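Note that the coordinates shown come from a computational prediction; the quantities given were computed from them, not determined experimentally. FYI, side chains are in, hydrogens and waters are out, and symmetry mates aren't considered; it's all heavy atoms of this structure. A, B, ... follow the sequence lines: proteins, then strands. Residue 1 opens every chain.
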2 protein chains.
Amino acid sequence: MIKLPTFDDVAAASERIKCQAHKTPVMTSRTVDEEFGAKVFFKCENLQRMGAFKFRGGFNSLSRFSPEQRKTGVVTFSSGNHAQAVALSAKLLGIPATILMPHDAPTAKMAATKGYGANVVTYDRYTEDREQIGRELAEKHGLTLIPPYDHPDVLCGQGTAAKELFEEVGPLDAFFVPLGGGGLLSGCALATRALSPDCQLYGVEPEAGNDGQRSFRTGSIVHIDTPKTIADGAQTQHLGNLTFPIIRRDVDDILTASDTELVDCMAFMATRMKLVVEPTGCLGFAAARNMKAGLKGKHVGVLLSGGNVDMARFASLLGAQS
Amino acid sequence: MIKLPTFDDVAAASERIKCQAHKTPVMTSRTVDEEFGAKVFFKCENLQRMGAFKFRGGFNSLSRFSPEQRKTGVVTFSSGNHAQAVALSAKLLGIPATILMPHDAPTAKMAATKGYGANVVTYDRYTEDREQIGRELAEKHGLTLIPPYDHPDVLCGQGTAAKELFEEVGPLDAFFVPLGGGGLLSGCALATRALSPDCQLYGVEPEAGNDGQRSFRTGSIVHIDTPKTIADGAQTQHLGNLTFPIIRRDVDDILTASDTELVDCMAFMATRMKLVVEPTGCLGFAAARNMKAGLKGKHVGVLLSGGNVDMARFASLLGAQS
């Protein structure tokens, strides 16, 4: 029986990271409120340090390292934002970092990770097993592996975003959170059940990779091939052994959004809210929009999880849409 | 002798607009602070209602209309953001609005203006005199003309942005403000001299249209042809009879930025700060960057004046830069 973390662990993470993480702003839009006939609160994790919520979990995890762990270093694998989060946290804490990144990771994310001084090792995300490579590197060099989502310190760090949201705007009727491996969603679930217990909590994943939805509905973790979607932060193959039971227990449903819907949302965010949100970051908003008829008169939370998108890619996605 | 407005008028405007205008956020960036070796505060008027500071002046002006003026309506001419500002203010106050816009105004701006219910009349900005057309329409239909910058209620409304900035972050050593016709700069100058008297205040205009710089340095208003620049909000031909004497008295210098520098700044804003800022809105940041060696250790304000840019254009500008 796995011991699951609780909201107390999220609260402790919150104390631990507050010296370095931003308390990100909550934004609203009259246009969205009119479109929905509701009050919609956007938690802007695209304005978090290094451009995504992942800094919360990364910094929380590394700040719990023992002196011995700090000395030998950290290793992780990530399609992007977790890589930057660990790299930046390691830099801030003076810990050597080795980051396994897919060879086709967005240029901006890879450059930023190297910019924080991390040692970047690449692999092929379509043919190689990053978890295995990560474990091998950890064993060989005595490094501590901090995986991108299936770790109590990681998911509790991510949950601090939801804690801040509820503390700022009060309880919500519905809350939409992007879902990849479930670190953000499970952490937010712990905060939601503690601070807004009656809130309908939805995880949202890309249509092309609905393993989370299938896992949630069947009751056991479904593994899929790396899905092809523009939501590169949610190209995960399966939920985690820690994140899944929390999601199963505390989340109301898992929804999906198509790449076309994500591009529409990116364009809306840029045009009307003047915010750069990466495709993965739009998952929650896309699902909320699909469900808006059912949200009339409600208080709705939408987590914008990140804003790290290559400008060339951003331009080409928006250009294609215009 | 023209009677110039004072900071008291800015303070009164602030009270008048606070029911409808956003107190926009002030953002900071560790990356910028490290690049500058300074503390830089960005006043985010791209997050103002309708996407630009212009709402402040528009709403302030229209809210002072007499019952008679409200009934007959308002007319204005504008390359974009002032048009939307007057259209939205008129809608909120129940005043009929006629807006003269250049036929080649950005699609997003024209659509938004019509969307607020205004009657849009187009003209050719390279051959026709919008001020004359505006005056003729006003006379013919008994409308009140609210020009885009050379009006005490307009410029005092714009100055409320600087008032908010100083009230939030305290006095500054240097402050960079975009300059077109001078409504924003002159209003901000009144607030700067009242709240941060020792601050070096800079107006920044596009290199291709440096009439303001020439006027400032020669002491009389220089008229130029409509400049060709991507900073469509600063394609003005001359400073105003009200804005110029305030600028001459209260501003320290007028600087310029090239279109290339503006695109670099747009890309930086999008990539690192996750903000959509229109080309004109980047003028202040571009000039501050050029001067950064002289800003070490200082507290610096940068006004991001707006974020209204067609996504197709935004994408093509960023795509060309990437």
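Counting all heavy atoms, side chain and backbone alike, A:Ser29 lies closest to A:Val32 at OG-N, 3.0 Å.
Counting heavy-atom pairs closer than 4.5 Å to chain A, the top-ranked of the candidates B:Glu278, B:Arg49, B:His22, B:Arg272 is B:Arg49.
With no hydrogens or angles considered, a side-chain donor-acceptor pair links B:Asn308 and A:Lys274 at under 3.5 Å.
Using a 4.5 Å cut-off between heavy atoms, A:Met269 does not touch chain B at all. Contact annotation for B:Met50: neither backbone nor side-chain heavy atoms come within less than 4.5 Å of a heavy atom of chain A.
Ring planes of B:Phe42 and B:Phe285: perpendicular class, angle over 60° (limits at 30 and 60°).
Environment of NZ in A:Lys23: crowded, with over 12 heavy atoms of neighbouring residues, nucleotides or ligands closer than 6.0 Å.
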